[in-house]
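See below for the structure under consideration.
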Amino acid sequence: MKQFTSVHDVADVETLVKEALNLKSNPYSDKQLGENKTLGLVFLNPSLRTRLSTQKAAINLGMSVMVMNMDKDGWALETQDGVVMNGTTVEHIREAAAVMGQYCDILGLRSFPKLKDREEDYSEDFFNKFVSYCGVPVVSLESATRHPLQSLADLVTIKETWKGEAKPKVVLAWAPHVKALPQAVPNSFSEWMCKAQELGMVDFTIAQPEGFELHEGFTPGAKISHDIDEALAGADYVYVKNWSSYSSYGQVLPYPEGWMMNNEKLKLTNDAKVMHCLPVRRDLELSAEILDGPNSLVIHEAGNRLWAAQAVLKDLLQNLS
Ligand code: CP
């Protein structure tokens, strides 16, 4: 791989999943690979799991790591070309990204959408400019429209825990929330599950209320339902996540009743394992009884963020020119 920004950067998804599980069994097998190599992690938004798991993955590979909280510690960045910078922006992304590329062999970037202008967010303007100006391989730590390290960890978790003969039924289930959240996690999860379905690894359904459909570019081959109870029937994995409306972009719409996953809903499934990327709002998005119960995979899933990140960094290190 030359970069890791979506499932489309991965030549062989099944091999990358296997690599993550191999590294879980033998975390320090490639300690020499990252010697004298530096990973820079650039955050424009908060993070717990992505920050710590990616740092730890790099350490396991023998890399040095530098973290920059760009939103708090960096200069205010200008992204547009041809503007006279006589306002609040202090440094252009052309120089800032290029300079970071001078200090690091691989860079990671987290840049959330602003949820004000759909076309701007979905153009990934900031992210793409950073990639093109920094001059080194980039790992997405979550962009405006995708969170591929999370999705890889999710697929690793399903592959690792599924013991059935037939392929598992995986349901991405919309959940209530009081804020407008990005579509990056569900877009990305759907994209990876659609790829896994194509490879015969899973059977994939998305359940969401009317008005919360994801952009169809992220859902090729997914079964779509507007009836949560119907979608949950026979599910082996339920991936719970809120996302705001793509069609009514950035708006906080009133949330419908009956969409929070709880033990009553679990009875409709095939004793499904329940996943969530975290952070999660208890008893709003997902019931505390599920989070604290035997069907929850959320901590296991977060643990696998480490092995997903390590598999990606290993691949990028092996392909450094
Ligand atoms: N799931 C996830 O990306 O967590 P953080 O936002 O805490 O990194």
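Every number for a ligand or one of its atoms is a count from 1 in the order of the listing. FYI, side chains are in, hydrogens and waters are out, and symmetry mates aren't considered; it's all heavy atoms of this structure.
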Ring geometry between His215 and Phe218 (parallel below 30°, tilted from 30 to 60°, perpendicular above 60°): perpendicular
Listed once per pair and sorted, the ring-ring contact (aromatic ring centres under 6.0 Å, His included) pairs that draw on residues 76-121, sequence neighbours left out: none
Picking from Lys72, Met70, Arg51, what satisfies side chain to side chain contact (heavy atoms under 4.5 Å, CB included) with Phe43? Arg51
For the pair Tyr239 and Phe189, name the ring-plane relationship: parallel under 30°, tilted 30 to 60°, perpendicular over 60°. parallel
Mark yes or no for whether Asp315, through its side chain, and Ala311, through its backbone, hold a donor-acceptor pair below 3.5 Å. no
Might you list the protein residues in contact with ligand 1, defined as having a heavy atom under 4.0 Å from one of its atoms, sorted by chain and number? Ser47, Leu48, Arg49, Thr50, Arg110, His147, Gln150, Cys277, Leu278, Arg305
Please examine the side chains of Trp243 and Asn187, heavy atoms only from C-beta on, and report whether any two atoms are closer than 4.5 Å. no
